[in-house]
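Note that these values count all heavy atoms, side chains included, but never hydrogens, waters or copies made by symmetry. Residue numbers start from 1 in every chain, and the chains themselves are labelled A, B, ... in the order their sequence lines are given, proteins ahead of strands.
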Amino acid sequence: DVKVTQSSRYLVKRTGEKVFLECVQDMDHENMFWYRQDPGLGLRLIYFSYDVKMKEKGDIPEGYSVSREKKERFSLILESASTNQTSMYLCASSPPQNSGNTIYFGEGSWLTVV
Amino acid sequence: QKEVEQNSGPLSVPEGAIASLNCTYSDRGSQSFFWYRQYSGKSPELIMFIYSNGDKEDGRFTAQLNKASQYVSLLIRDSQPSDSATYLCAVNPSGMGRRALTFGSGTRLQVQP
């Protein structure tokens, strides 16, 4: 089974803090993604990466950055957390595009910014 | 217009009935379509995917795709209370280098015992 692990499940941070959300996958997948999910808005893509050190902006990259130094690890960084970044963050991975792009999600990280 | 649209629900069906969940998409070049189930407080899990027009069956689940109408649906036969969840439709958009799925907002299904 594909396993995508998000190490921090529940976090409470103060406005202005720097926040790191870590994600590790064990299936040697090329593609990794960060989504956030909010009631009524569904899942929105923040960033994705298709190779080590490669990244592309998704639909809502403002206020976020990412790092992919190793194939199995994809980190989401909030440089200066704000209350409107309170959300559930979902990491996902997938094999190459010609495999149909099925993506597999981690368990989610619930972030509250106060 | 949203890229992937779903009725938010809730869709309420009695136990044993057929639940029909619908999704429309705007990108006519989309090639692959996915249904995910998400229980409250949990992450989405893949139920089915479909690439070709027509029906695809897997147990109690049937996905239906009509590319001409830009419409994809999920039928759940013999609905059970354990099927109560939010169902997310996702589409793989066309375009070079686009590897990420675009999701609808989900339809909440309630199966009444």
Taking atom [atom1] as the centre, does [X] end up with more than 12 heavy-atom neighbours from other residues, nucleotides or ligands that are less than 6.0 angstrom away?
| X | atom1 | result |
| --- | --- | --- |
| A:Glu107 | CD | no |
| B:Phe61 | CZ | yes |
| A:Arg9 | CZ | yes |

Check: With hydrophobic residues grouped by side-chain heavy-atom distances under 4.5 Å, do A:Phe48 and B:Leu46 end up in a single group?
Finding: yes

Check: Are B:Phe34 and A:Phe33 joined in one hydrophobic group, where the rule is that I, L, V, M, F, W and Y side chains link up if heavy atoms are under 4.5 Å apart?
Finding: yes

Note to self: With rounding to the nearest 0.5 angstrom, report the CG to OG1 distance, A:Leu43 to B:Thr102.
What the structure shows: 10.5 Å

Item checked: Nearest non-hydrogen partners of B:Ser105 and A:Gly40, listed with the distance -> OG-O, 3.7 Å

Item checked: Heavy-atom pair of closest approach, residues A:Tyr35 and B:Ala100 ->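 For A:Tyr35 and B:Ala100, the tightest heavy-atom pair comes out as OH-CB, 3.9 Å.
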
Notebook entry, point to check: Counting distance only, does the side-chain N/O of B:Ser43 pair as donor-acceptor with the main-chain N or O of A:Gly106 below 3.5 Å?
Noted result: yes

Notebook entry, point to check: What part of B:Gln38 gets closer than 4.5 Å to chain A, counting heavy atoms only: side chain, backbone, both or neither?
Noted result: side chain

Checklist line | A:Phe105/B:Phe103 aromatic ring centres below 6.0 Å | finding: yes

Margin query: Which residues end up grouped with A:Val12 if you chain together Ile, Leu, Val, Met, Phe, Trp and Tyr wherever their side-chain heavy atoms are less than 4.5 Å apart?
Written below: A:Val114

Notebook entry, point to check: What's the verdict on side chain to side chain contact (heavy atoms under 4.5 Å, CB included) for A:Ile103 and B:Tyr36, showing C-alpha distance, side-chain angles and the deciding distance?
Noted result: CA-CA 10 Å; A:Ile103 71 172; B:Tyr36 284 79; 3.3 Å; yes

Check: Of the backbone (N, CA, C, O) and the side chain (C-beta and beyond), which part of A:Glu30 lies under 4.5 Å from a heavy atom of chain B, both, or neither?
Finding: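 Contact with chain B involves no heavy atom of A:Glu30 at all.
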
